[in-house]
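Working notes for the structure below.
No hydrogens, no waters, no symmetry mates; every other heavy atom, side chains included, goes into these values.
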Amino acid sequence: MAVSTLAVQSRTTMCSSDKCLRSALIFEAQRGYRNLVSKDMRLNNFLSSKMSTVFSRSKHKLAEKLLKEVDVYGRASVRDRSKLLNKILYSGAADMVSSTYIPDTLETETRQDLQFNVDKPSTVPQHGVKQNDGLVEVMLDQSISFIPGLSKRNSRQLENCGFHTLRKLLQHFPRTYADLQNAQIGIEDGQYLIFVGKILSSRGVRASYSLSFLEVVVACDVVDSESPSTSRDDGAALESDKADSGRKKTVFLHLKKFFRGTRFTYLPFLKSLEEKQKVGDIVCVSGKVRIMRSKNHYEMREYNMDVLQDENDPSFCAQGRPYPIYPSKGGLSPNFLRDVISRTLKVLPSNIDPIPEDLAHDFGLLCLRDAYAGIHQPKSLKEAELARKRLVFDEFFYLQLGRLFQMLEGLGTELEKDGLLDKYRKSEFNLIDIDGWSMLTKKFLKALPYSLTSSQLRAASEIIWDLKQPVPMNRLLQGDVGCGKTVVAFLACVEVIGLGYQAAFMVPTELLAVQHYEQLQKLLANMEEEECKPSVALLTGSTSTRESRLIRQGLQTGDISLVIGTHSLIAEKVEFSALRIAVVDEQHRFGVIQRGRFNSKLYYNSISSKLSSSISDESSQDNVIMAPHVLAMSATPIPRSLALALYGDMSLTQITDLPPGRIPVETFLIEGNEPGFEKVYQMMLDELEAGGKIYLVYPVIEQSEQLPQLRAASADLETISQKFSGYKCGLLHGKMKSDDKSEALGLFRSGETNILLSTQVIEIGVDIPDASMMVVMNAERFGIAQLHQLRGRVGRGGRNSKCILVASTDSSLSRLKVLEESSDGFYLANMDLVMRGPGDLLGRKQSGHLPEFPIARLDIDGNIIQEAHLAALKILGDSLDLEKYPNLKAELSMRQPLCLLGD
Ligand SMILES: Nc1ncnc2c1ncn2[C@@H]1O[C@H](COP(=O)(O)OP(=O)(O)OP(=O)(O)O)[C@@H](O)[C@H]1O
């Protein structure tokens with residue numbers, strides 16, 4: 001007892017800074033508040049003097065109350081003392097008590113206990129509590145019962161709205177910030193203003209049997225902007241500026257808080273409300289003002305009020321401060337949420353950041369606590385933006401880290417893991433130029449009827465580099481409609497075939513499978529040496545049973561080196577002899593699970609391949625027992641940021657230019673009324689007479705009673721045939737049999753039909769280079785990206801092409817205007833992203849796999865994604881299994897971003 005008293009005493013005399021207070025608190029905590037110092041009351045005095053210094057910075061009623069309690073610390077029971085010390089920690093002293101101040105001399109275990117208690121201020125310290133690695137998480141994921149002064153009812157309300165933890169609360173971000181103007185400048189209805197004034201009255205009013213309110217009237221002196229002398233603009237006014245600035249008037253603020261529920265209408269309750277606001281107190285009030293009928297009276301229902309020591313108290317100089325506006329949630333008012341969040345911030349210790357300090361420094365990030373404080377209580381918009389940046393960074397960082405971490409976990413050796421990281425780190429240097437391609441690929445390239453564009457060449461070089469790596473490729477090939485992705489994918493397939501392996505090319509529709517098959521056959525026909533041509537097969541749902549069996553046999557023996565097909569390729573009975581690459585065209589049209597099954601199935605088959613034993617080259621043998629490379633292709637040119645967010649685990653290759661000689665498609669927006677259609681029909685006639693071919697695209701196949709305004713393909717066939725009697729019309733839609741579809745497309749391709757009435761089945765991949773006009777009926781039914789895809793079906797050859805978007809309403813024309821102005825798919829996708837968000841851009845199926853970003857905006861935060869990607873690589877490069885970063889690992893598991901797309 002004496003020893004501990006002495007210890008505290010010596011601390012008291014030795015130190016004069018806050019450090020002393022921290023040390024003393026810790027000292028007390030360490031001993032379970034056992035010090036009996038009632039005799040000389042030294043600790044009392046010490047605590048009192050320290051607390052008053054600390055709280056002089058934030059003169060608050062709570063602080064005053066606390067000081068009174070501190071006065072009697074020595075006489076209090078052990079239990080009350082522990083409570084009091086916890087209160088001190090809560091009330092702003094929490095972040096003073098950082099781990100830095102735990103005396104070095106303490107034994108490790110005690111230090112850990114102390115640290116634990118310090119980080120969990122409301123927990124009564126208990127000896128023997130072991131701290132785990134996820135220290136940081138302990139705090140953020142604490143229940144909201146940690147928030148001081150929260151009634152049971154409030155806790156329940158918050159929990160009912162999903163705010164179970166401090167993290168959940170802190171991640172309820174302001175929707176926007178109002179610019180707090182000092183009321184001295186002038187008061188207008190609806191402005192967010194800040195006032196300093198004196199409480200004149202406070203009354204609780206029972207308005208009905210279940211409604212009551214508290215009305216606090218605050219009188220504030222402000223500059224009288226309406227006084228005649230202040231509104232003069234002559235020279236005299238300038239002269240007397242100084243004098244005018246002193247002309248003041250008193251305005252009255254009626255601060256109102258409403259309470260619903262019978263129990264809030266009882267007098268004792270109303271009385272207690274009234275008493276909380278002391279008449280005569282000087283307060284700082286900020287919030288939204290509404291002008292009342294009586295002159296100089298204003299109402300405020302959404303406000304913040306702080307009691308000041310006097311009018312000149314500098315701690316509430318909030319002028320120019322952004323005022324956070326919160327979205328309400330589940331009936332909780334923004335004001336209530338603001339208040340709870342502010343209390344949460346007070347208990348937040350400084351060391352909650354799982355991101356190591358040096359990394360935060362390298363990427364110019366605020367520490368996590370400052371970021372939460374900065375987003376909720378910024379001193380300036382700049383601070384709010386810095387805070388937002390940090391929190392956006394986190395969203396992307398943990399996503400990238402999780403995905404890369406999971407990929408690394410799937411690899412065997414350190415060498416493989418390092419190889420994979422290296423691939424991501426130096427993606428821009430990873431190329432193999434034509435000289436390094438296989439002989440077969442070079443021959444195929446020579447046989448092409450055109451030369452590759454520079455970005456096609458670069459894309460092929462990147463992919464072929466990846467094919468030679470000891471880790472399976474997982475690459476996304478992206479490009480605008482008609483940029484020539486298919487031939488790049490063919491080159492990749494030919495490259496692996498040239499090395500003695502097999503390739504599979506999976507597409508979402510039979511039409512596309514047939515088209516790719518025919519296109520490839522044509523290209524191969526140009527190759528001179530017959531004997532080295534790869535054998536290619538087509539396997540779809542319509543392939544006859546006999547033929548399918550033969551193809552499967554061929555794949556199993558290795559006689560067939562490339563198979564193009566639909567989902568049938570992932571059927572269990574399809575086995576490969578040595579599959580080395582799987583190309584998945586229009587990959588977002590396949591479910592992720594389908595893609596995954598494809599991958600693992602092929603992996604299994606590769607291992608069990610008979611060919612593995614027959615390959616003589618040792619390195620090749622190793623490679624056979626590797627998952628196949630996957631090349632996914634997407635014709636939806638999504639912005640890079642979105643691609644990274646969606647496919648963070650994939651390398652990205654973009655084709656950014658179009659083959660030479662392409663003439664941009666002229667786009668017209670026409671309202672679908674009678675004169676509009678007349679105009680459209682005339683343009684069609686002109687086109688047909690000039691030898692063109694026309695797609696007519698409809699939103700539905702059959703006319704529907706529910707949506708009579710929609711034009712339907714089948715229903716329109718007769719009308720159009722009659723209107724253009726000298727020309728032949730064809731029909732194509734998803735409900736037709738596969739053969740009929742191929743036939744309809746074939747007839748249009750060969751020119752036997754001149755007009756093809758179709759649904760959006762042609763949206764993907766259909767390549768008829770001489771189709772020169774497209775008319776889209778009810779264009780407002782389609783998304784911008786989808787219309788861009790559709791439009792991409794024309795203008796694929798050297799002919800001038802047109803696209804007419806017929807919209808049924810005038811209002812929808814303005815949304816589609818962007819298509820008239822631009823034909824750049826990336827630009828349009830970005831516009832779509834800005835206007836409607838990623839969900840609409842990607843479509844329901846795909847956007848379901850998009851992780852949720854509470855604060856990040858994919859349209860503007862692209863560069864942060866890139867930085868987060870680099871940071872994740874840096875961390876994993878330093879510690880492949882994250883063992884060096886236990887807090888990051890713990891945070892990853894908390895955030896659970898680990899489910900790969902759609903898994
Ligand atoms: N370098 C090139 N020079 C000239 N024509 C090319 C070139 N590359 C591809 N093409 C031709 O361009 C057309 C479109 O190519 P492809 O079908 O591969 O485009 P895509 O990127 O797959 O488009 P979509 O996304 O619309 O399916 C094809 O007719 C193809 O033969």
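Side chains of H164 and E159: no donor on one and acceptor on the other come within 3.5 Å. For the 3.5 Å distance criterion, the side chains of E780 and S808 qualify, holding a donor opposite an acceptor.
Salt bridge present: E891 and R167 bring a charged side-chain N and a carboxylate O closer than 4.0 Å. A salt bridge links R290 with D189: the closest approach of a Lys/Arg side-chain nitrogen to an acidic carboxylate oxygen falls below 4.0 angstrom. We find that E274 and K271 are joined by a salt bridge, their nearest charged nitrogen and carboxylate oxygen being less than 4.0 Å apart.
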**Steps toward ring-ring contact (aromatic ring centres under 6.0 Å, His included) verdict (F269, F259)** = CA-CA 11 Å; F269 172 74; F259 303 89; 5.5 Å; yes
Exercise. Between H254 and E299, is a side chain to side chain donor-acceptor pair (under 3.5 Å) present by the stated rule, with each step listed?
Worked result: CA-CA 5 Å; H254 297 252; E299 189 183 76; over 6 Å; no
**Report entry** Stepwise side chain to side chain contact (heavy atoms under 4.5 Å, CB included) check, L214 with K256
**Finding:** CA-CA 6 Å; L214 172 74; K256 286 187 183 162; over 6 Å; no
- Check the pair H376, Y326 against ring-ring contact (aromatic ring centres under 6.0 Å, His included), reporting the backbone distance first and the verdict last. CA-CA 9 Å; H376 291 292; Y326 288 93; 5.7 Å; yes
Worked verdict on F163 versus H172 for ring-ring contact (aromatic ring centres under 6.0 Å, His included): CA-CA 9 Å; F163 295 114; H172 186 70; 5.3 Å; yes
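Once rounded to the nearest 0.5 Å, the distance linking CZ of R343 with NZ of K346 reads 8.5 Å.
Tested against Y372, the residues L170, T344, L166, I341 include a single side chain to side chain contact (heavy atoms under 4.5 Å, CB included) partner, L170.
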